[in-house]
Amino acid sequence: MTRTISRYLPAVSAIALLVAGAAPAWAQANDQAEPVTQDAAASGGDIIVTASKRAERLSDVAGGVSAVTGAQLEAIGAQDFKDYLTRTSGVAFNEGPSNNSAAVIRGIGTTAGLDQGQGSTGYFINDIPMNEPGYTIVIPDIDAFDVSRVEVLRGPQGTLFGSASLGGAINFISNLADPSGFHAAAEGSIGTTRFSAGEVNYRAKGMINVPIVADKLAVRLVATQRVDAGYIDNIGTGVDGSNDVHTLGVRGSIVFMPDVDTKISYLGLYQKTRTDDPSVSNLGLGLLQRSSNFEVPMIFKTQLHSLRLDHDFGFATATVIGTYNRKTGDIFDDFTPFYGALNPGNHYFLQAGQSDTFSYEVRFASPKGERFDWLIGATHIDTTKGFQEHLSSPGYASAHPAEVAAGLTRGDEYYYGASHTKGDENALFGEANFHFGAVTITGGGRLFRTQTDTYTDQFGIFAGGTVINPPYRVEDSGFAPKASIKVQPSPDLMFYALASKGYRFGSPNTLPPLAGSPIPAGTTSDSLWNYEVGTRFSLIDRKLFVSVTGFYIDWTNLQVRLRRMGDGLTYGANAGAAEIYGAEASTTLNLGGLSLVSNLTYLDAKLTEDIPTAVPPLASGKRLPSAAKWRISNTASYNFGGAGEPTVTLLHRYVSRSPGFLNENTTFAPYHIFDARVSAKVGDFTIAAFAENIGDKRAITFGYQDFGSGASRFIVKPRTFGVQANWAM
């Protein structure tokens, strides 16, 4: 059922750890969150990040890294990826289905949606990898309430973060339990979106942190409920605003610190997102309209359990992490337009996916030295996943007795197909820093091996009965290096140059052989080298922070999805090459009550080799999807001070004309989006009124081809108004 895959699924509070002589070595190396609040207008260079799996100031990192703290997220009312990744340098967030939408970093992607192979961006929660081999079942978009920070690492991160981070990594870092004291917080909101058919948006969230043993043991619980009213009208079912999104989340953590050198922590979370009907419009029907005979929901669930130990041995800090995560995705569809001739009435389709992943990491990090320091580790990741596809029509069995007698149906289900995948990744990694006064030279790499085994089975009228296909395997191994040089003559001025390489899983092709149309056994990792130079500096007594990066990316043996000539089915192949030139800049200015933040990205991303086996053939010079030449975001905030500290925040973002699909010449129009927010403090409460998409712009985030009702597009949420209250103690 590659039709459905191609239709719906081709589709970043600092940690105060660096107090010289005060914190134990494990805390200095700890990359977990601590519930320490940082002012929302703090200089960008002072945010503590862990891009190198060690805590350090953002302004000291030799690489393309951005970070936004929990306080900053709260100040703009951020709820999920679309509220902050769209304002991050170097990132294209292609907003589509909730918890199933992809971010593309530095233009490194061959589709704006999800591909049938592993994506090019790595997603992490508190350092825990949330990708799996092959097609992604869920991209966990965890609610931004009670988050410490979110870091975006641009460029390949294979050395320390492993597979899937070919283009970069997004590390969502949740607050953990705090044994030092009692904390509580809550958030509530209500609002309305145009075309929401009278429905309302609402949010209800709460957090409580309870010390059990002072300074040693604590528990933290977070619960979130969010409903986003729909704005797409389904003219087939007659439901206006059919695409309501319901998101329920629960997070919990336990922290135990038996002594000054040891920290044991548990993190667990569960999030379920249900979209009542797809948030996609069919342009042949209307800009905010679609049609189906019945509701076709999308339901995505993420479950995570992680246990971590940090212990300072003196010569090094040991970190041991063991994790289990389960992701499930159920996607329903109306296949009546395609198979209605087989049987009167509706035809129901379900694609059900599930992945179970166990991941383990052990690493040792030396104390930061005057001349030399190091980090070494090992990782093992074991994933079992599968997809099932079901097609049924009420009354099918009674209308087709001959097929029933031949064993071609199971009740009214006339087609079933499944894939079963086992994926393993093993790696050894390390990084060392040599310090020579103001100069630091860093070298590192990851030695990796990946293996994917897949077999498929089918049943029903299209398969001619029951068919179990032989297993397919792809293996890959290699070395992902990284090297950089940093010159930092003062804490407020740094220059760097860096070269790095990334990798990702390959995927086997599971199509049966077809005479005259040979295809490869599968894909292996692309080859991608990233070269960049940059500077970070502060001016005006550290009131202005500036970061500027320029980069060149050499990308060969791209993983691309092609179409077989004989039967039109899709398969994966390594083909073609691309070059990407780009620049990223961000500035943060704080002058009294005035705060100004700007982010800019320029991209020139094109194929440099023909791909003649594509249908139609792809020519050198073709621009890559998600590679708009310009992306700009601006945030201006003014705090008037005095009683209530009234604050006005204005937000703007711009995306230039953007290429749509790799295999055609579709482009999406440029757009500007404006938002506004007014807030004031009343005791322990912060009350805010907000307006999103003030101009009610019908901006296309991305889209794809469709069958029957014209091209399909995802549209930015129409004009939305609301009020919000936050409370904390």
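Along the sequence shown, residues are numbered consecutively beginning with 1.
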Quiz item: If you round to the nearest 0.5 Å, how far is CD1 of Ile108 from OG1 of Thr121?
Solution: 8.0 Å

Self-check item: Pair Tyr654 and Trp630, ring centroids less than 6.0 Å apart
Solution: no

Quiz item: Please, which pairs that meet salt bridge (charged side-chain N to carboxylate O under 4.0 Å, His left out) have at least one residue in residues 91-104, sequence neighbours excluded?
Solution: none

Practice problem: On the 0 to 90° scale, with breaks at 30° and 60°, tag the Tyr531-Trp529 ring pair as parallel, tilted or perpendicular. | Solution: parallel

Self-check item: Residue pair Asn94 / Ser101, side-chain donor-acceptor N/O under 3.5 Å
Solution: no

Practice problem: Please lay out, stage by stage, how Tyr202 and Gln225 fare under the test side-chain hydrogen bond (donor to acceptor under 3.5 Å, both in side chains). | Solution: CA-CA 8 Å; Tyr202 73 85; Gln225 171 72 59; 4.5 Å; no

Quiz item: For residues Gln271 and Arg251, is any side-chain donor paired with an opposing acceptor at under 3.5 Å?
Solution: no

Quiz item: Which pair of non-hydrogen atoms, one from Arg623 and one from Pro659, has the smallest distance, and what is that distance?
Solution: NH2-CD, 3.5 Å

Self-check item: Heavy-atom pair with the smallest gap, counting every atom of Ala51 and Leu160
Solution: O-CD1, 4.0 Å

Quiz item: Is it the case that Arg154 and Ser66 place a side-chain donor and acceptor less than 3.5 Å from each other?
Solution: yes

Quiz item: Under 3.5 Å, is there a donor-acceptor pair linking the side chains of Asp675 and His652?
Solution: no

Quiz item: When rounded to the nearest 0.5 angstrom, what is the spacing between CG in Asn131 and OH in Tyr123?
Solution: 7.5 Å

Self-check item: Spacing of Asn530 atom CG and Lys482 atom NZ [to the nearest 0.5 Å]
Solution: 10.5 Å

Exercise. Please work out which of the three classes, parallel, tilted or perpendicular, describes the rings of Phe674 and His672, given edges at 30° and 60°.
Key: parallel

Quiz item: So, Asp60 versus Gln488: side-chain donor-acceptor pair below 3.5 Å or not?
Solution: yes

Quiz item: Just checking, any donor-acceptor pair under 3.5 angstrom between side chains of Ser595 and Asn590?
Solution: yes

Quiz item: Could you state the interatomic distance from OH (Tyr84) to CD (Gln79), rounded to the nearest 0.5 Å?
Solution: 10.5 Å

Quiz item: If you measure from OH on Tyr602 to CZ on Arg631, what distance do you get to the nearest 0.5 Å?
Solution: 14.0 Å

Exercise. Would you kindly say whether Thr720 and Asn693 are connected by a side-chain donor-acceptor distance under 3.5 Å?
Key: no

Self-check item: Residue pair Thr50 / Glu151, side-chain donor-acceptor N/O under 3.5 Å
Solution: yes

Practice problem: Name all residues meeting the ring-ring contact (aromatic ring centres under 6.0 Å, His included) criterion together with Phe690; count only those two or more places apart in sequence or in a different chain, and write none if there are none. | Solution: none

Quiz item: How about Asn171 and Asp127: do any of their side-chain heavy atoms sit closer than 4.5 Å?
Solution: yes

Practice problem: Quick one: closest heavy-atom pair of Ile170 and Phe81, and the distance? | Solution: CG2-CE2, 4.3 Å

Self-check item: Side chain Asn634, main chain Ser598, donor-acceptor under 3.5 Å
Solution: no

Exercise. Could you tell me whether the side chains of Arg54 and Ser52 share a donor-acceptor contact shorter than 3.5 Å?
Key: no

Exercise. Report the C-alpha separation of Ser586 and Thr588 in whole Å, then their side-chain angles, then the decisive distance to 0.1 Å, and conclude whether the side-chain contact (heavy atoms from CB on, under 4.5 Å) test is met.
Key: CA-CA 7 Å; Ser586 64; Thr588 301; over 6 Å; no

Quiz item: So, does Ser679 use its side chain to make a donor-acceptor pair with the main chain of Ala688 at under 3.5 Å?
Solution: no

Exercise. Indicate whether the side chain of Asn433 and that of Glu431 have a donor and an acceptor atom separated by less than 3.5 Å.
Key: no

Exercise. Determine, stepwise, if the pair Val255 / Asp178 fulfils side-chain contact (heavy atoms from CB on, under 4.5 Å).
Key: CA-CA 7 Å; Val255 169; Asp178 177 15; over 6 Å; no

Self-check item: Side-chain H-bond candidate by donor/acceptor type, Asn126 with Ser174, under 3.5 Å
Solution: no

Quiz item: Side-chain donor-acceptor pair under 3.5 Å between Arg203 and Gln724, yes or no?
Solution: yes

Quiz item: Checking ring pair (Phe, Tyr, Trp, His ring centres under 6.0 Å) for the pair Phe124/Phe161: CA distance, chi angles, key distance, verdict?
Solution: CA-CA 9 Å; Phe124 299 81; Phe161 287 87; 5.1 Å; yes

Quiz item: Would you say the side-chain atoms of Asn201 and Thr193 include a donor-acceptor pair closer than 3.5 Å?
Solution: yes

Practice problem: Look up atom CG in Asp146 and atom NZ in Lys205, then write down how far apart they are to the nearest 0.5 Å. | Solution: 10.5 Å

Quiz prompt | side chain to side chain contact (heavy atoms under 4.5 Å, CB included) involving Ala636 - partner list, sequence neighbours excluded | solution = Leu596

